[in-house]
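Along the sequence shown, residues are numbered consecutively beginning with 1. The figures that follow rest on heavy atoms only: side chains count, while hydrogens, waters and symmetry mates do not.
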Amino acid sequence: MEKKKLDKRLVTILVLLVIIIIELIILMFLRARGTIISNGTSDKTVSQNQCDIEMVNINPQDDEGIDEYTELVGYGQVSISKDYPYLYLQNPQDNEVYLSFDVTYNDEVLYSSDLIEPGKMEKFDIYSCLDAGKHTLIYSISSYDLDTKETYWSGIKQEQEILIK
């Protein structure tokens, strides 16, 4: 009798472990593909369209010849709907510059952000700007010195596909 209880507990634990492992594999696969996991509704949640933060050596060398890096968020395909109308533009926490974004569609600037501080984000309602369908947006990203707010670098462009339902 006691052996049956022990066997049932062991089977239950093994099943739970298998389920957890499968969920972790699925999450890693979706994250690697840049697939949307959540369409966050909070200003502080960046899960709608951000995939990975990568270090990009796009800054000039400092006075001592040391390369400096700025982190940029990689933008994956995202679905937009009446319930989730926003795109989120983020400046990663570890950056030492402000970032600004111009979001363009068919050579028309749909949105220009303010200077975004490190660790902050801005959102805008893209749903009201475009009709239903698949669209490719271009993000033009510039950085600005935290003290002087003078342009540090500019000209980085990223594409993002969005599907408006």
Side-chain angles (χ1 to χ4, degrees), residues 23-62 66-165:
E23 287 178 353
L24 288 173
I25 290 170
I26 291 170
L27 284 174
M28 289 186 326
F29 175 75
L30 292 175
R31 184 174 175 92
R33 283 188 45 208
T35 304
I36 304 160
I37 295 170
S38 167
N39 200 359
T41 58
S42 167
D43 287 10
K44 298 178 183 174
T45 303
V46 186
S47 56
Q48 176 191 17
N49 56 359
Q50 281 67 15
C51 304
D52 295 314
I53 296 174
E54 51 183 280
M55 299 294 279
V56 181
N57 185 6
I58 51 180
N59 299 333
Q61 291 185 341
D62 68 9
I66 298 172
D67 287 335
E68 297 179 3
Y69 289 84
T70 298
E71 293 179 350
L72 296 177
V73 174
Y75 293 91
Q77 185 175 357
V78 64
S79 293
I80 300 293
S81 67
K82 187 175 182 178
D83 293 333
Y84 300 104
Y86 299 108
L87 287 178
Y88 295 86
L89 307 172
Q90 179 187 15
N91 185 354
Q93 181 81 30
D94 293 335
N95 281 344
E96 295 181 8
V97 293
Y98 291 108
L99 292 182
S100 71
F101 297 81
D102 287 334
V103 181
T104 307
Y105 176 70
N106 286 343
D107 297 323
E108 178 187 349
V109 176
L110 300 177
Y111 184 80
S112 291
S113 75
D114 293 328
L115 297 182
I116 302 173
E117 298 175 35
K120 303 286 183 181
M121 77 176 72
E122 212 170 278
K123 68 179 181 178
F124 77 100
D125 181 353
I126 189 73
Y127 181 79
S128 63
C129 297
L130 297 172
D131 294 328
K134 192 174 189 178
H135 306 281
T136 301
L137 303 178
I138 305 290
Y139 295 87
S140 298
I141 307 168
S142 299
S143 73
Y144 300 84
D145 184 89
L146 287 175
D147 296 322
T148 65
K149 296 187 180 176
E150 292 180 9
T151 303
Y152 195 64
W153 53 257
S154 62
I156 299 299
K157 295 193 183 295
Q158 288 185 343
E159 285 187 10
Q160 179 185 30
E161 284 189 8
I162 64 170
L163 177 62
I164 298 185
K165 299 176 182 180

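- When all heavy atoms of His135 and Tyr105 are compared, the pair lying nearest together is ND1-OH, 3.0 Å.
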Verdict with reasoning, Thr136 to Asn106, per side-chain contact (heavy atoms from CB on, under 4.5 Å): CA-CA 8 Å; Thr136 301; Asn106 286 343; over 6 Å; no
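- Although no hydrogens or angles enter the test, the distance criterion places no donor-acceptor pair under 3.5 Å between the side chain of Thr104 and the main chain of Asp107.
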Ile116/Tyr98 under side-chain contact (heavy atoms from CB on, under 4.5 Å): CA gap, chis, key distance, verdict: CA-CA 5 Å; Ile116 302 173; Tyr98 291 108; over 6 Å; no
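- Annotation: ring-ring contact (aromatic ring centres under 6.0 Å, His included) contacts of Phe124 (sequence neighbours excluded): Tyr111.
- In terms of the side chain to side chain contact (heavy atoms under 4.5 Å, CB included) criterion, residue partners of Ser128 (sequence neighbours excluded) are, by chain and number, Asp125.
- Considering every non-hydrogen atom in both Val78 and Gln160, the closest pair reads CG1-NE2, 3.4 Å.
- Counting heavy atoms from C-beta on, the side chains of Pro118 and Leu146 come closer than 4.5 Å.
- Atom NZ of Lys165 and atom NZ of Lys82 lie 15.5 Å apart (nearest 0.5 Å).
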Pair Leu137-Leu110, side-chain contact (heavy atoms from CB on, under 4.5 Å): steps then yes or no: CA-CA 9 Å; Leu137 303 178; Leu110 300 177; 4.2 Å; yes
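- For Asp114, the side chain to side chain contact (heavy atoms under 4.5 Å, CB included) partners at least two apart in sequence or on another chain are Glu122.
- Taken from CD1 in Ile126 to CD1 in Ile80, the straight-line distance is 7.0 Å, to the nearest 0.5 Å.
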Stepwise side-chain contact (heavy atoms from CB on, under 4.5 Å) test for Leu87 and Ile162: CA-CA 10 Å; Leu87 287 178; Ile162 64 170; 4.3 Å; yes
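- When all heavy atoms are compared, the tightest approach of Tyr88 to Met121 is CD2-SD, 3.5 Å.
- Rounding to the nearest 0.5 Å places NZ of Lys123 at 14.5 Å from CD of Gln90.
- Asn91 CG to Leu99 CG: the interatomic distance, rounded to the nearest 0.5 Å, is 3.5 Å.
- For Lys157, the side chain to side chain contact (heavy atoms under 4.5 Å, CB included) partners are Ile138, Ser140, not counting sequence neighbours.
- Not one N or O on the side chain of Asn95 forms a donor-acceptor pair closer than 3.5 Å with the backbone of Val97.
- Residues forming a salt bridge (charged side-chain N to carboxylate O under 4.0 Å, His left out) with Lys134 (at least two apart in sequence, or on another chain): Glu161.
- Residues Leu89 and Ile141 fail the side-chain proximity criterion, which asks for heavy atoms closer than 4.5 Å.
- Here the closest non-hydrogen pair linking Asp147 and Asp145 is N-OD2, 2.8 Å.
- Here Ser100 pairs with Ser113, Leu115, Ser142, Tyr144 under the side chain to side chain contact (heavy atoms under 4.5 Å, CB included) rule; sequence neighbours left out.
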